[in-house]
Enquirer: 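So that we are looking at the same thing, I have put the structure below in structure tokens.
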Amino acid sequence: MSVYENSVISFIQVIETNANLLTPPDWENLNQLSNQLPNDDIEDISNQLEDWLKASASRQELFQRYEEQREAVTDAEVINWRGIIGVGNSKSPTPANQPSPAAKDMIINSIIRHLPPSTPQTNPPNNQGST
């Protein structure tokens with residue numbers, strides 16, 4: 001299991017289960033950050049997300065939960081994450097020993113699902129694989 005995959009999975013799980021800990025400006029900032037994430041560099045994505053969590057005092061509780069979640073992520077969750085591209089749980093063509101290029105899309109989709117109603121979306125929902 002890649003430590004970077006673990007970090008991305010943990011980040012997604014934490015923002016999905018602790019959305020109330022983010023202020024509207026935090027959501028807006030995170031939404032903007034998601035636009036700037038690379039498409040396929042899981043290490044860079046992981047580092048940018050962690051840096052974002054550390055950058056503001058308002059996110060310290062969320063960062064603590066992220067660190068706890070990172071310790072709790074199982075190999076099975078990483079294997080499942082590697083095999084899912086997102087939409088409709090369709091299987092990824094990425095081999096199991098390679099990072100999933102869907103990491104950025106999963107983060108963007110998670111952010112969009114949890115944005116407060118007053119936060120404008122800068123990313124359209126990912127419809128990759130839809131016809």
Enquirer: Looking at OG of S7 and CD of Q48, how far apart are the two atoms once the value is rounded to the nearest 0.5 Å?
Expert: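 Going from the OG atom of S7 to the CD atom of Q48 covers 13.0 Å.
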
Enquirer: What pairs with Q64 under side chain to side chain donor-acceptor pair (under 3.5 Å), at least two apart in sequence or on another chain?
Expert: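 For Q64, no residue satisfies side chain to side chain donor-acceptor pair (under 3.5 Å) once neighbours in sequence are set aside.
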
Enquirer: Looking at Y66 and V14, what are the two nearest heavy atoms and their distance?
Expert: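 So the two residues come closest at CA-CG2, 3.5 Å.
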
Enquirer: Of the non-hydrogen atoms in L22 and W52, which two are nearest, and what is the gap between them?
Expert: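 Heavy-atom minimum between the residues: CD2-CH2, 3.6 Å.
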
Enquirer: Does either side chain, that of N6 or that of R70, offer a donor lying less than 3.5 Å from an acceptor on the other one?
Expert: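 Note: N6 and R70 side chains miss the donor-acceptor criterion.
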
Enquirer: Spell out, as yes or no, whether a donor-acceptor pair under 3.5 Å connects the side chain of N109 to the backbone of D105.
Expert: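 Between the backbone of D105 and the side chain of N109 there is a qualifying donor-acceptor contact (under 3.5 Å).
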
Enquirer: Can you sort out the partners of T17 under side chain to side chain contact (heavy atoms under 4.5 Å, CB included), two or more places apart, ordered by chain and number?
Expert: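 For T17 there are no side chain to side chain contact (heavy atoms under 4.5 Å, CB included) partners, ignoring immediate neighbours.
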
Enquirer: Carefully, step by step, assess N18 and L21 under the rule side chain to side chain contact (heavy atoms under 4.5 Å, CB included).
Expert: CA-CA 6 Å; N18 297 279; L21 294 178; 3.8 Å; yes

Enquirer: Could you grab the distance from atom CG of N47 to atom CG of D51, nearest 0.5 Å is fine?
Expert: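 One gets 6.5 Å once the value is rounded to the nearest 0.5 Å.
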
Enquirer: K104 and I45: which non-hydrogen atoms are nearest, and at how many Å?
Expert: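 Reported closest heavy-atom pair: N-CD1, 4.2 Å.
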
Enquirer: Step through the shown structure and confirm whether more than 12 heavy atoms of other residues, nucleotides or ligands are within 6.0 Å of CD on E71.
Expert: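 Atom CD in E71 is not crowded, with 12 or fewer foreign heavy atoms closer than 6.0 Å.
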
Enquirer: Just verifying a value: how many Å separate L49 CG and I15 CD1, rounded to the nearest 0.5 Å?
Expert: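 So the gap between those two atoms works out to 8.0 Å.
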
Enquirer: Provide the closest heavy-atom pair for L53 versus R59 in the form atom of the first, atom of the second, distance.
Expert: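 Smallest interatomic distance, heavy atoms only, reads O-CB, 3.4 Å.
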
Enquirer: Could you please spell out the steps behind the side chain to side chain donor-acceptor pair (under 3.5 Å) verdict for S58 and D26?
Expert: CA-CA 8 Å; S58 70; D26 284 337; 3.2 Å; yes

Enquirer: Give, for atom CD of E16 and atom CD1 of I111, the distance between the pair rounded to the nearest 0.5 Å.
Expert: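 Rounded to the nearest 0.5 Å, the CD-CD1 separation comes out at 10.0 Å.
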
Enquirer: Salt bridge check, E67 against K54: does any charged N sit closer than 4.0 Å to a carboxylate O?
Expert: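 A salt bridge is absent here (no side-chain N lies under 4.0 Å from a carboxylate O).
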
Enquirer: Roughly how far apart are D44 CG and N39 CG, rounded to 0.5 Å?
Expert: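 The CG atom of D44 sits 11.0 Å away from the CG atom of N39.
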
Enquirer: How far does CD of Q32 sit from CD of E28, to the nearest 0.5 angstrom?
Expert: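 Separation between the atoms: 5.0 Å.
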
Enquirer: State, yes or no, whether a side-chain contact exists between E50 and F11 at a heavy-atom distance under 4.5 Å.
Expert: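 No - every pair of side-chain heavy atoms lies 4.5 Å or more apart.
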
Enquirer: Who pairs with D41 by side chain to side chain donor-acceptor pair (under 3.5 Å), at least two apart in sequence or on another chain?
Expert: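 Side chain to side chain donor-acceptor pair (under 3.5 Å) list for D41, sorted by chain: empty.
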
